[in-house]
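What follows is a short report on a single structure.
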Amino acid sequence: MELVAGKFGVFRNVVVRFLLFSLLIVIIRFAYVITIRGESCVAGDDFCFFSATASTGNHNLVTAASGGGHTGRSSVILNPTAAASPEFHKRVMFYITVFQDLIVDGFLNMQSKSLCLETPAGEDVYALREIGVEDSVGIFKKAMKPLVVNGLGFRQPFEDNTFDFIFSGNGVLDRSDKTASFASEIGRTLKPEGYVVVHTGSIDTYSFNSFIRLFNCCKFISSREFDGFDSDLPRVHEIVMKKEIDMKIRSKTDPNSKNSVGSCSVPGYKQELLKKAEPLIESEPLKPWITLKRNIENVKYLSSMADIGFKNRYVYVDVGARSYGSSIVSWFKKQYPKQNKTFDIYAIEADKHFHDQYKSKKGVTLLPYAAWVRNESLVFEINQTPGDENVETGRGMGRIQAAKTGGGIVGSTDVIQGFDFADWLKNTVTENDFVVMKMDVEGTEFDLIPRLIETGAICLIDEVFLECHYNRWQKCCPGVRSPKYQKSYGQCLDLFKSLRQRGVLVHQWW
């Protein structure tokens, strides 16, 4: 009997030890899922404790958020209505997965002082605290303290170099018209060698490079795309950047650029964009007044081929603007696809006959001078239609030349002030701006374009609509060329090609 009892005791000890060992394995596995993966079955793990359905339906997180069942971590106060919703829980689980991946990749750790931008309900902040990143806070204009404090992403209430990790999710920067200010504030409050992670919608190569250029503080590290927390929503594009120790405003170019011309590099993404542009008209038109005007219907606008959202400013420069209703109203305001962006407009017009039209026009800055290659006085000549003596009603086209005495200039003349257009452009816009230029300067393009190329100012222009003036066939007189200009169509074509070789999307204007 004692022998039987002894055998039973040994068997019981073995069973107890086996059960304890199994429990230890379960605990270790549970710790791995929660602490290392933090995602239950979200990532398709073969071993998980809760089904996807249960994860989205239970309210454990809400209980923890209310202060109950939350062991080992500080309690946070959430908006009860938001926290109780399945949608909130779903978002938290999504962000837990995102942040755990960032931990694995080395961009985030438990000691990181972290900030989440423009987070209305604080799901991302709560997800950070759930995985153990306790020193986390969010900002929003309508804050829910202490999880989220009052503030705006582009005007943060924090000192310089405060955070190790800054996160912007939910496509915040996609919807903002202050993306450049967001980037600047992130650069200010992020510590050197800290990481910023941004979630945007799927973006094209042009807008991706525009986005990266806005973050002068940081170096691009990596990007990836994945499904969002809702399969009905667009895929998420995650961009990771690291703040450099020596924060300087740097010129950022495409590292894969294969071509460098003059003072400009031609990024690969711009080369690809130019391949989509309408072809130049290689053969000289017999009726240019018809062919070139119709060509505008074939134009592939840059803003119709790419997202221009991630820019600092939007600028339209009309060189040779003439009247306000000429190209600014009749073409740019009515036809150019602006993607709902507000453009700052600069009208450059030397003819004083048109100046009064711009006095009451909001959003338009008139430069009442002649665009030129240097600052100097010039002779402005008005060429009228033969026999037309009424300059006010039959206004001819004006062109400029260096001031001189004598010379027998035909038509009425004025002495005007010319200015260094390339120098003005370099002091007015930056590479982070989206700049569109229309140029119709009666032959002066053969002086201005080489100057823009020589100074590198051409790099600042994204898209050009250029009328090139040559000894074209005259509408009035078949078989007779215009004596007004000495350049040939071939020389105009070379001018257009030189611009496209430098990465500028140029179109033939009429």
Side-chain angles (χ1 to χ4, degrees), residues 98-99 102 105-109 111-119 124-125 128 133 135-140 149 151-200 203 205-224 237-257 265 267 269 307-314 426 429-434 459-460:
V98 168
F99 293 138
L102 293 171
D105 292 335
F107 305 136
L108 174 68
N109 60 59
Q111 289 72 46
S112 296
K113 186 176 180 66
S114 303
L115 170 67
C116 296
L117 301 178
E118 301 284 334
T119 173
D124 41 6
V125 186
L128 282 170
V133 185
D135 198 357
S136 306
V137 69
I139 57 172
F140 189 64
V149 300
L152 296 168
F154 57 86
R155 193 164 57 245
Q156 300 175 21
F158 305 110
E159 299 294 329
D160 296 356
N161 303 321
T162 298
F163 297 99
D164 303 295
F165 177 83
I166 295 180
F167 177 73
S168 176
N170 201 25
V172 168
L173 295 187
D174 291 344
R175 302 188 301 273
S176 175
D177 59 354
K178 300 181 183 297
T179 308
S181 298
F182 265 90
S184 178
E185 275 293 85
I186 288 172
R188 182 183 68 81
T189 59
L190 187 63
K191 292 179 181 178
E193 297 193 312
Y195 291 95
V196 54
V197 176
V198 178
H199 283 183
T200 74
I203 56 179
T205 308
Y206 182 88
S207 57
F208 172 77
N209 281 274
S210 299
F211 181 86
I212 296 300
R213 294 183 72 92
L214 289 177
F215 287 82
N216 287 325
C217 63
C218 303
K219 178 176 67 174
F220 169 71
I221 300 298
S222 66
S223 69
R224 62 173 181 146
H237 192 120
E238 181 180 86
I239 301 172
V240 180
M241 292 168 285
K242 182 179 181 180
K243 182 174 177 179
E244 298 184 323
I245 296 177
D246 187 13
M247 180 179 169
K248 294 180 179 179
I249 303 299
R250 299 171 287 110
S251 175
K252 296 188 177 184
T253 56
D254 184 352
N256 298 317
S257 175
S265 64
Y269 70 92
D307 180 6
I308 62 172
F310 296 120
K311 291 289 185 176
N312 183 24
R313 293 171 63 213
Y314 300 87
K426 292 174 75 172
V429 300
T430 72
E431 288 183 324
N432 289 336
D433 299 329
F434 183 76
C459 310
L460 302 172

When you compare the side chain of [Y] with that of [X], does any pair of heavy atoms fall below 4.5 Å?
| X | Y | value |
| --- | --- | --- |
| D164 | Q111 | no |
| F211 | D307 | no |
| E185 | L152 | no |
| N161 | P192 | yes |
| I239 | I203 | yes |
| K311 | N432 | no |
| V137 | L115 | yes |

Can you measure from [atom1] ([X]) to [atom2] ([Y]) and round to the nearest 0.5 angstrom?
| X | Y | atom1 | atom2 | value |
| --- | --- | --- | --- | --- |
| S210 | E431 | OG | CD | 11.0 Å |
| I245 | K219 | CD1 | NZ | 9.5 Å |
| Y314 | F434 | OH | CZ | 8.5 Å |
| F163 | S136 | CZ | OG | 9.5 Å |
| I139 | E118 | CD1 | CD | 6.0 Å |

Quiz item: Where the side chain of R188 meets the backbone of F158, is there a donor-acceptor pair that is under 3.5 Å apart?
Solution: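 The answer is yes, because a donor-acceptor pair under 3.5 Å joins these two groups.
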Practice problem: List in chain and number order the residues that pass ring pair (Phe, Tyr, Trp, His ring centres under 6.0 Å) with H237, two or more places apart in sequence or in another chain; answer none if no residue qualifies. | Solution: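 By the ring pair (Phe, Tyr, Trp, His ring centres under 6.0 Å) rule, H237 matches F208.
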Practice problem: With sequence neighbours excluded, tell me which residues meet ring pair (Phe, Tyr, Trp, His ring centres under 6.0 Å) with F167. | Solution: Y95, F99, H199
Specify the closest pair of heavy atoms between [X] and [Y], including all atoms of both residues, with the distance to one decimal.
| X | Y | answer |
| --- | --- | --- |
| A180 | N312 | CB-OD1, 3.2 Å |
| L190 | C218 | CD2-SG, 4.5 Å |
| S207 | F310 | O-CD1, 3.6 Å |
| L102 | E238 | CD2-OE1, 3.9 Å |
| K191 | T162 | CE-O, 3.2 Å |
| Y195 | G106 | CE1-O, 4.0 Å |

Quiz prompt | Derivation and outcome, side-chain contact (heavy atoms from CB on, under 4.5 Å), residues K243 and V196 | solution = CA-CA 8 Å; K243 182 174 177 179; V196 54; over 6 Å; no
Quiz item: Taking it one step at a time, do V197 and L108 satisfy side-chain contact (heavy atoms from CB on, under 4.5 Å)?
Solution: CA-CA 10 Å; V197 176; L108 174 68; over 6 Å; no
Self-check item: side-chain contact (heavy atoms from CB on, under 4.5 Å) evaluation trace for I186 with Q156
Solution: CA-CA 9 Å; I186 288 172; Q156 300 175 21; 4.2 Å; yes
Self-check item: Heavy atoms of other groups near R155 CZ, more than 12 under 6.0 Å
Solution: no
Quiz item: Run the side-chain contact (heavy atoms from CB on, under 4.5 Å) check on F182 and V198 step by step: do they pass?
Solution: CA-CA 11 Å; F182 265 90; V198 178; over 6 Å; no
